[in-house]
Each structure stands twice: as C-alpha cells, then as structure tokens.
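If you're wondering where the values come from, they're calculated on a predicted model, not measured in any experiment.
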Amino acid sequence: MWRLSFHVWAVALFLMGVAPPAHGQARPGPLVTDRPDQTESPAVVVPGLAQFEAGWTFSREREGGVEVRSHAVPQVLARIGIVPRAELRLGFAGWTRSAERGGGGGPAAVTSGIGDLDVGFKYGFTEGGGAAPAIALIGMLTLPTGADGIGSDRANPTVRLAFASTLSERVSLGYNVGATASSLPAPQGGTDTLVDALYTVSFGFAVAERVGAFAESFGTFALSDAGASRHALDGGVTFQAADNLQFDVSAGVGLNSAADDWFIGAGIAVRVPR
C-alpha cells in the first residue's frame with residue numbers, strides 16, 4: 001500500500017471539520033449520494049447535516065503500444081447543507097499514481113502526487129413529482145492546487161444541470177448536461193484550456209430493501225479543436241448498511257480510443273449531523 005502524504009490527510013481532516021454543529025436540524029430523509037456513478041443527483045443535503053463521499057478508482061488505458069495504469073484515492077466530496085435547497089461542495093481529487101509502460105518492456109515511468117481541490121455549490125430548483133423531474137444546478141471550480149504533472153495549471157469551472165425522474169416503484173432515471181473546462185500543457189509550450197460539453201444518463205434499480213444497482217452512459221463532446229471526445233459505459237451496486245452509511249462498487253469500459261479502456265472502483269458515503 002502506498003503511503004499517503006501529509007497533505008492528503010490534512011485536506012481530508014479539513015473537509016471533515018469544516019461544518020460546525022447546528023441546532024434544530026431538518027429531517028434528513030433518505031441517503032442520496034453523488035457516487036459511484038458519474039450522474040450527479042439533484043438531491044440537496046439539508047441544513048444541519050454534512051455528507052462525506054470518498055472512494056478509490058483504478059483505470060487502465062492502452063494506445064499506440066503504451067499502457068498507463070492509474071490509481072486515485074480518496075477522491076473526497078464533502079457536501080454541507082447551508083440553507084434550504086442549497087449545499088456547499090468541497091472536493092479533493094486525492095492522491096494519484098500513474099505507471100506508464102512502453103511496448104519495449106523495461107521499467108515503468110511513474111508519476112504520483114496529490115490532485116486538485118474543488119469548491120462549489122448545488123442549488124435545487126424543484127423536488128419533482130409525477131412526470132416532472134427534480135432539477136438542480138451544480139457549479140464547481142477546480143483550483144490549481146495539485147502537484148506538478150498531476151493537477152491543473154489553471155482554475156477551471158464546471159457547470160451542470162442535474163435531473164431525476166421516478167419511472168416506477170423500483171426504477172429511476174437520472175441525467176446531467178453541462179460544460180467543463182480543463183487546462184493541459186500545450187505542445188508549443190504554455191497552457192491550453194479546453195472546453196467540453198458533458199452528458200450522463202443513468203438508470204437506477206432498487207434490487208432489495210438496502211441494495212441498489214445502476215447502469216450508465218456518460219462522456220464529453222470536445223468543443224475545442226485540440227480536445228478529444230470521450231464516451232464510456234459503467235455500472236455498479238450500492239449497499240446501504242445503515243440509514244447514514246452506504247458502500248459501493250462499480251466498473252466501466254471506454255467506448256472510444258480517447259476514453260480509458262476500463263476502470264473499477266469502490267467507495268463509501270457517510271452522513272453526519274453538523
């Protein structure tokens with residue numbers, strides 16, 4: 001097991017301690033998380049509560065005889081209810097280790113370090129009902145706080161609309177549309193900021209009282225000449241061990257050369273009073 005740096009634990013402890021106790025908290029309702037799928041839920045954490053979601057992801061990509069294997073952990077998202085219909089979101093991409101190996105054998109080139117921090121909000125417009133979906137707006141800003149070669153060179157925004165509809169007693173539909181920016185080293189030197197349109201479509205299934213499953217399609221369409229569109233499928237299972245505790249496992253495959261060949265992950269979500 002790799003040793004996480006002091007910075008990783010410092011950030012994780014900060015995210016778990018940002019919310020002071022609150023009085024007269026609202027009824028929490030069911031535990032609804034924004035992991036493990038890529039589709040963000042329109043559900044908002046109520047004031048007086050905080051929700052912490054974290055996990056590990058392993059991905060593999062092979063192109064042109066070069067294979068890259070990457071681990072990322074703990075991928076923390078802290079969701080803190082601040083006022084009715086709105087939550088504060090603080091994210092940490094986690095510690096990443098990538099090993100790149102060419103077709104000629106030899107030792108792998110390893111890059112590792114901490115990723116960027118994110119700050120943002122979610123605002124719920126409607127709770128939905130019947131044919132009308134629940135809708136929320138999510139805005140995030142990625143801050144260039146990660147290690148060289150791991151994090152971004154600039155602050156990059158992401159905005160998305162999250163929708164969710166109940167199709168039957170056991171089946172739900174969630175989908176997102178939006179846009180995201182990312183900054184990468186330019187071939188001629190300096191930094192290029194690329195813009196992509198994003199989409200997700202996820203079907204959720206109630207398998208048993210505390211067991212759920214999902215199947216999802218997600219990806220991006222490049223809006224910049226230097227960008228590349230990415231498309232993938234994934235699925236997974238969630239287990240709600242307690243009213244405020246959920247575990248998950250998931251896996252997915254890329255549908256085109258720009259996406260990872262495949263990836264797997266596991267995680268946990270905990271909701272606590274502030």
> Should V32 and I268 be regarded as members of a common hydrophobic cluster, given that ILVMFWY residues are connected when their side-chain heavy atoms come within less than 4.5 Å of each other, either directly or indirectly?
Replying inline: no
>> Could you check whether any side-chain heavy atom of V159 comes within less than 4.5 Å of a side-chain heavy atom of L137, counting everything from C-beta outward?
In response: yes
> Are R60 and D261 ion-paired here, with the side-chain N under 4.0 Å from a carboxylate O?
Replying inline: yes
>> Strictly by side-chain hydrogen bond (donor to acceptor under 3.5 Å, both in side chains), give each pair with a member in residues 215-228 just once, sequence neighbours left out.
In response: T39-E216
> Which distance, rounded to the nearest 0.5 Å, do you find between the CG of L49 and the CD1 of I82?
Replying inline: 13.5 Å
> Are any non-hydrogen side-chain atoms of V68 and S70 less than 4.5 angstrom apart?
Replying inline: yes
> Is there side-chain contact between Q75 and T57, with at least one heavy-atom pair below 4.5 Å?
Replying inline: yes
> Is a donor on one side and an acceptor on the other found under 3.5 Å between the side chain of S152 and the backbone of R154?
Replying inline: yes
>> Can you tell whether the side chains of R210 and D243 come within less than 4.0 Å, N to carboxylate O?
In response: yes
> For E53, which of R79, R271, R35 qualifies under side-chain hydrogen bond (donor to acceptor under 3.5 Å, both in side chains)?
Replying inline: R79
> What is the distance from atom CG of N176 to atom CD1 of I138, rounded to the nearest 0.5 Å?
Replying inline: 6.0 Å
>> Could you check whether any side-chain heavy atom of I135 comes within less than 4.5 Å of a side-chain heavy atom of P42, counting everything from C-beta outward?
In response: no
> Can a salt bridge be assigned to the pair R89 and D34 using a cut-off of 4.0 Å between side-chain N and carboxylate O?
Replying inline: yes
> Does the side chain of F203 reach to within under 4.5 Å of the side chain of S172, using non-hydrogen atoms?
Replying inline: no
>> The criterion is ring-ring contact (aromatic ring centres under 6.0 Å, His included); which residues satisfy it with F247, sequence neighbours excluded?
In response: none
> Are I80 and V83 connected, step by step, through hydrophobic side chains (Ile, Leu, Val, Met, Phe, Trp, Tyr) whose heavy atoms are closer than 4.5 Å?
Replying inline: yes
>> What I'd like to find out is whether the side chain of F214 reaches to under 4.5 Å of the side chain of D234, using heavy atoms alone.
In response: yes
>> Would a single hydrophobic cluster contain both L184 and V195, if residues Ile, Leu, Val, Met, Phe, Trp and Tyr are joined by side-chain heavy-atom contacts under 4.5 Å?
In response: no
>> Would you compute the distance between atom NE2 of H71 and atom OG of S59 and round it to the nearest 0.5 angstrom?
In response: 8.5 Å
> Which atoms form the tightest heavy-atom contact between P133 and T126, and what is the distance?
Replying inline: O-OG1, 3.2 Å
> Using the ring of each side chain (for Trp, its six-membered ring), is F58 parallel, tilted or perpendicular to W56, with breaks at 30° and 60°?
Replying inline: parallel
> Pairs in or reaching into residues 157-193: which pass ring pair (Phe, Tyr, Trp, His ring centres under 6.0 Å), with residues at least two apart or in two chains?
Replying inline: F163-Y175
> Given the rule that I, L, V, M, F, W and Y join up when any side-chain heavy atoms are under 4.5 Å apart, are V119 and F121 in one cluster?
Replying inline: no
>> Under the criterion ring pair (Phe, Tyr, Trp, His ring centres under 6.0 Å), I'd like the reasoning laid out for H231 against F221: C-alpha separation, chi angles, the key distance, then a yes or no.
In response: CA-CA 8 Å; H231 308 286; F221 292 97; 4.9 Å; yes
>> I want to check something: taking the side chain as every heavy atom from C-beta on, are E61 and E67 in contact at a cut-off of under 4.5 Å?
In response: no
> Can you find a pair of side-chain heavy atoms, one from D116 and one from L143, that are under 4.5 Å apart?
Replying inline: no
>> Under the side-chain hydrogen bond (donor to acceptor under 3.5 Å, both in side chains) test against S183, which residue among T142, T193, T191, D192 passes?
In response: T193
